[in-house]
Amino acid sequence: MRVPLSWLREYAAVPADATAEDVMAELVKVGLEEEDVHRPTDDLSGPIVVGQVLSLVKEPQSNGKTINWCSVRVVPEGSDQTLTGDGIAPSGVQGIVCGAHNFVEGDKVVVTLPGAVLPGDFRISPRTTYGHVSAGMIASVRELGIGEDHDGILVLSTLGLDPEVGTDAMELLGLYDEAAEINVTPDRGYCFSLRGVAREYAHATGTAFTDPAAAVVVPPAGGEGYPVRLDDGAPVYGVPGCDRFVARTVRGVDPTRPTPPWMSARLRLAGIRSISLVVDISNYVMLDLGQPLHFYDLDRLSGEIVVRRAAEGETLRTLDDRVRTLDAGDLLITDASGPIGIAGVMGGASTEVTDGTRNVLIESAHFDDVSIGRSRRRHKLPSEASKRFERGVDWHVADIAAQRAVDLLLELSGGTVDDAVTDVGRAPEPRVIELAADFPERLIGRAFSDEQITGTLTDLGATVERVDGAEGGYRVTAPSWRSDLATREDLTEEIIRLLGYDTIPSSLPVAPPGRGLTRVQQQRRRLLNALAAAGLTEVLSYPFVSARANTVFGSPEEGAAVPSVKLANPLSAELGFLRRSVLPGLVELAKRNQSRGFRDLALFEAGAVFLPGDTLGTGSIPPLGIKPDDAVLDALYTGIPDQPQMVAGLFTGHEVAPSAGVPPRAWDWADAVDIVQFMAQVTGVDVVVRQGSHQAFHPGRTAEFSLRSGELLGFAGELHPKVIAAEDLPARTVAFEIDTDVLFDAAADVIVARPLSTYPAATQDVALVVDSAVVAGDVLEALREGAGELLEEVSLFDVYTGQGIEEGRKSLAFALRFRAPDRTLTADEASAARDTAVAVAAARFGAVQR
């Protein structure tokens with residue numbers, strides 16, 4: 001919103017020497033954001049005066065062009081007024097060459113004299129051209145920077161002006177004025193008007209405010225005004241699209257009269273192009289009071305105006321000369337011929353006011369903000385009117401704005417106004433808010449006196465009544481122009497906004513003693529730090545994935561049902577679900593890094609996944625302002641999906657990149673298994689590793705991890721070739737994913753290290769022949785169980801099939817290390833423990849010692 005200072009001074013006590021920067025500094029105090037300053041004198045400087053053409057001689061040139069050699073008086077004849085400067089004649093008559101032909105002798109024009117600077121850093125100086133010394137320039141509106149017309153120079157009589165020769169043309173045209181541009185947030189729509197900004201300036205400075213609406217005398221509604229009917233019996237968006245429509249008729253206007261310079265100058269500074277007198281009056285009133293208006297050519301209307309929703313297949317040619325197909329949600333202004341405008345957005349071309357218009361119907365209506373906003377977005381048709389309607393317009397100013405437009409039309413374009421006034425609709429119930437006396441202090445953290453509360457709310461335009469009782473309080477009726485005030489929190493925010501946010505005390509909170517990280521937080525931090533220290537890079541990805549990603553990564557079994565949480569308003573149609581696995585996000589990050597040349601990656605991410613149960617969500621949303629009971633809360637909690645915390649990793653390329661003298665080593669499935677075992681060691685959890693199966697992993701290179709109790713932890717290994725091909729990942733990409741909720745539940749609160757024995761270890765190797773189908777990990781566990789307390793470590797170091805081993809059988813070689821804490825073991829003790837371990841493996845799996 002651009003705010004011309006001369007306009008603002010009519011309604012607020014802005015100091016005469018205040019600049020746009022000063023005004024913005026004050027408005028920032030009440031929450032409006034400063035944007036820019038618009039000052040014509042930054043690009044334009046004098047001397048620029050009113051001149052009168054004394055003589056005009058047309059001189060054809062050899063190039064086919066005809067120029068005018070003009071004598072122009074710039075100082076009144078016989079006056080003691082003087083203009084000084086290089087190239088300015090003491091006689092007050094300048095010789096000027098001009099190529100335009102839209103003026104005659106005697107016309108008064110704008111003359112830029114030597115020393116003047118025009119927009120674009122165009123400096124005026126005497127110069128020889130077409131055989132004459134031209135000492136100045138007769139300017140067009142485009143050269144002055146006040147319009148786009150460049151067909152001819154600016155003749156002041158076309159603006160209805162007859163100033164004295166030598167008058168300062170910059171002052172005459174309002175070029176000394178300046179505007180402060182502010183950013184208006186969506187909840188402060190009333191500030192899209194000088195009325196609203198002036199009120200805020202008065203709040204910020206404590207100066208007087210003059211409400212322009214209070215100065216307008218509005219006649220009572222009645223008589224045979226133009227017929228209007230509101231027909232929105234089944235509102236699309238819950239409330240009627242139009243709840244007030246004021247219509248006024250002015251006859252015998254002359255729309256060809258020029259817009260006065262004071263009005264066009266203010267509109268220009270406010271960022272609106274001057275078009276014609278009637279349109280300019282409509283825009284001027286909108287900027288002044290915040291109420292958009294629309295003017296119809298009365299003689300082109302047919303029958304009663306009806307405000308209704310669009311019907312199937314209806315179209316409308318709007319003022320921008322485009323035919324638009326209407327939607328059932330569009331609110332229309334119609335007459336007997338059909339649609340003549342999209343309400344609050346743009347009018348139709350069939351009833352447009354033109355130079356031939358003599359009778360005008362003024363529309364000043366109040367429309368539902370949601371309806372207007374959706375029509376504007378639907379048709380991609382932003383307008384100054386829709387910008388205001390979709391943020392909320394004062395219901396009570398409609399008749400005032402219509403009367404203001406009537407007054408300006410009568411003053412500037414002539415004509416007469418019909419006595420009858422059309423005003424249909426019903427006033428909305430005023431919004432009353434209960435505010436406890438101590439609530440502002442409890443919310444803000446500072447004390448407020450009764451005078452501060454009632455004073456600031458009254459300054460806002462609210463009506464404040466004190467409520468008697470033990471606690472006391474206030475009953476506040478919000479002003480009609482503040483549709484954003486609905487709760488006690490809104491009122492409290494307004495109180496502190498006007499008193500100053502800088503009055504809120506600041507203090508550092510004191511942390512209560514005895515608190516710190518929870519057990520799970522400590523374990524999570526320890527685990528993630530360990531992974532980073534091991535050389536992995538932590539990343540964060542979006543939790544939004546495709547249905548295919550959830551199907552592939554969200555369940556080990558191919559073809560199994562994979563229920564997922566679907567987003568109601570996804571960022572894109574392809575990412576419409578919450579993830580069931582962290583791996584899809586890592587895959588996308590790996591692909592992005594691969595495309596940018598980073599091929600050796602070791603990534604990990606910790607985060608939640610979302611696993612819906614039988615119930616998802618609730619049938620209804622509890623009302624605001626009331627604490628739900630236990631049954632409602634239980635239903636809400638039941639509808640929330642389970643969200644276990646997971647850690648996943650993904651590896652591509654090389655662990656050791658190729659370099660001189662260093663052989664490369666690519667990541668393989670064993671690295672993923674080792675990382676998971678490392679995570680188990682960090683948390684002190686004993687895990688079981690066995691051959692696993694997961695549809696996203698390679699069928700022969702997948703490890704499954706579980707606790708000794710049998711609870712599943714997760715998977716690690718090489719991704720399935722089909723997944724690698726579908727995602728365009730490098731061959732042999734490996735990954736892991738572990739449920740850290742399960743891992744941390746099994747972890748000890750404190751990991752106690754065993755004392756180191758000073759006695760030597762006794763190592764025994766054993767090779768066992770078992771069926772090929774027997775899992776080596778199961779045999780290892782049997783040996784561990786049978787060896788007893790003396791066993792310190794057991795590991796598989798060889799698997800052999802071939803000569804000497806029967807078909808369908810395999811040899812597993814294990815190294816068993818025994819140690820006693822209090823003595824040196826004898827060979828017989830170590831052998832006895834080994835034999836006991838072998839016996840358990842033989843009994844359980846039919847193992848035969850080689």
Side-chain angles (χ1 to χ4, degrees), residues 189-196 199 211-223 225-232 239-250 278 281-296 298 304-308 331-333 340-347 360-373 383-410 417-431 461 478-483:
Y190 63 96
C191 285
F192 276 115
S193 68
L194 267 295
R195 181 193 187 206
R199 190 187 302 273
D211 189 349
V216 180
V217 179
V218 180
Y226 198 92
V228 175
R229 178 164 52 91
L230 307 182
D231 185 17
D232 190 15
V239 297
C242 177
D243 55 10
R244 188 179 192 186
F245 196 109
V246 175
R248 300 292 302 276
T249 301
V250 180
V278 175
I281 289 174
S282 171
N283 287 329
Y284 188 85
V285 174
M286 175 185 68
L287 292 173
D288 196 40
L289 298 173
Q291 170 69 54
L293 304 175
H294 189 72
F295 290 2
Y296 300 93
L298 182 65
E304 178 187 36
I305 286 181
V306 179
V307 184
R308 61 170 174 81
L331 187 69
L332 302 181
I333 310 297
I340 57 174
I342 303 176
V345 179
M346 185 172 285
V360 172
L361 180 73
I362 301 171
E363 168 204 304
S364 181
H366 185 267
F367 301 113
D368 172 52
D369 50 358
V370 174
S371 179
I372 301 306
S383 65
E384 291 293 329
S386 64
K387 181 166 63 177
R388 287 161 174 80
F389 277 125
E390 63 184 295
R391 288 166 173 81
V393 170
D394 184 0
W395 191 93
H396 293 282
V397 85
D399 56 341
I400 297 172
Q403 182 61 45
R404 182 81 171 101
V406 167
D407 295 341
L408 287 171
L409 278 173
L410 297 181
V417 61
D418 286 5
D419 293 334
V421 177
T422 301
D423 190 348
V424 296
R426 185 175 62 182
E429 291 295 325
R431 183 172 291 156
S480 58
W481 57 87
R482 293 299 302 272
S483 58

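Worth knowing before you read on, the calculation uses all heavy atoms, side chains too, and leaves out hydrogens, waters and symmetry mates. Just so it is clear, the structure is predicted and the values come from calculations on it, not from any experiment.
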Task: Side-chain heavy-atom pair L332, V307 within 4.5 angstrom cut-off - done: no
Open item on the list: Quick check for you: to the nearest 0.5 Å, what is the distance between Y190 atom OH and S483 atom OG?
Closed with: 10.5 Å
Task: Y296 side chain reached by V360 side chain, heavy atoms, under 4.5 Å - done: no
- [ ] Would you indicate whether D419, at its atom CG, is surrounded by more than 12 heavy atoms from other residues, nucleotides or ligands within a distance under 6.0 Å?
- [x] no
Task: Any donor-acceptor pair under 3.5 Å from D232 side chain to G241 backbone - done: yes
TODO: Give a yes or no answer on whether the side chain of S383 reaches the backbone of V345 with a donor-acceptor pair at less than 3.5 Å.
DONE: yes
Open item on the list: Could you measure the distance from the NE2 atom of H366 to the CG atom of D243? Nearest 0.5 Å is fine.
Closed with: 5.5 Å
Task: Atom of A343, atom of F367 and distance for their closest heavy-atom approach - done: CB-CE2, 3.6 Å
TODO: List the atom of V393, the atom of Q291, and the distance in Å for their closest heavy-atom pair.
DONE: CG1-OE1, 3.3 Å
Open item on the list: side chain to side chain contact (heavy atoms under 4.5 Å, CB included), that's the test. Do I372 and V370 meet it? Break it down for me.
Closed with: CA-CA 6 Å; I372 301 306; V370 174; over 6 Å; no
Task: Presence of salt bridge, R244 and D399, under 4.0 angstrom - done: yes
Task: Straight-line distance of F245 CZ to L230 CG, nearest 0.5 Å - done: 8.0 Å
Open item on the list: Return the CZ to CE distance between F192 and M286, rounded to the nearest 0.5 Å.
Closed with: 10.5 Å
Task: Smallest separation among heavy atoms of G347 and H294, with atom names - done: CA-CE1, 3.6 Å
Task: The single option from V406, V278, V417 passing side-chain contact (heavy atoms from CB on, under 4.5 Å) against I362 - done: V406
- [ ] Look up atom OG1 in T422 and atom CG in L361, then write down how far apart they are to the nearest 0.5 Å.
- [x] 7.5 Å
Task: Nearest atoms (heavy-atom pairs only) where A405 meets F295 - done: CB-CZ, 3.9 Å
- [ ] Look up atom CG in L287 and atom CZ in R195, then write down how far apart they are to the nearest 0.5 Å.
- [x] 14.5 Å
Open item on the list: For A221 versus D423, what's the shortest heavy-atom pair and its separation?
Closed with: CB-CB, 3.7 Å
Open item on the list: Can you tell whether the side chains of D288 and R404 come within less than 4.0 Å, N to carboxylate O?
Closed with: yes
Task: Heavy-atom pair with the smallest gap, counting every atom of R388 and P292 - done: CB-CG, 4.1 Å
Open item on the list: Any non-hydrogen side-chain atom of V397 less than 4.5 Å from a side-chain atom of W481?
Closed with: no
Task: Any side-chain heavy-atom pair of I305 and R229 under 4.5 Å - done: no
Open item on the list: Please check: side-chain N/O of S364 versus main-chain N/O of A398, any donor-acceptor pairing under 3.5 Å?
Closed with: yes
TODO: Would you check, one step at a time, whether the test side chain to side chain contact (heavy atoms under 4.5 Å, CB included) holds for L293 with E363?
DONE: CA-CA 6 Å; L293 304 175; E363 168 204 304; over 6 Å; no
Open item on the list: Are V421 and P219 packed together at the side-chain level, in the sense that at least one heavy-atom pair is separated by less than 4.5 angstrom?
Closed with: yes
TODO: Check whether any side-chain N or O of S371 sits under 3.5 Å from a backbone N or O of D368 as a donor-acceptor pair, and report yes or no.
DONE: no
- [ ] Quick one: list whatever passes side chain to side chain contact (heavy atoms under 4.5 Å, CB included) with S480, sequence neighbours left out.
- [x] D394, H396
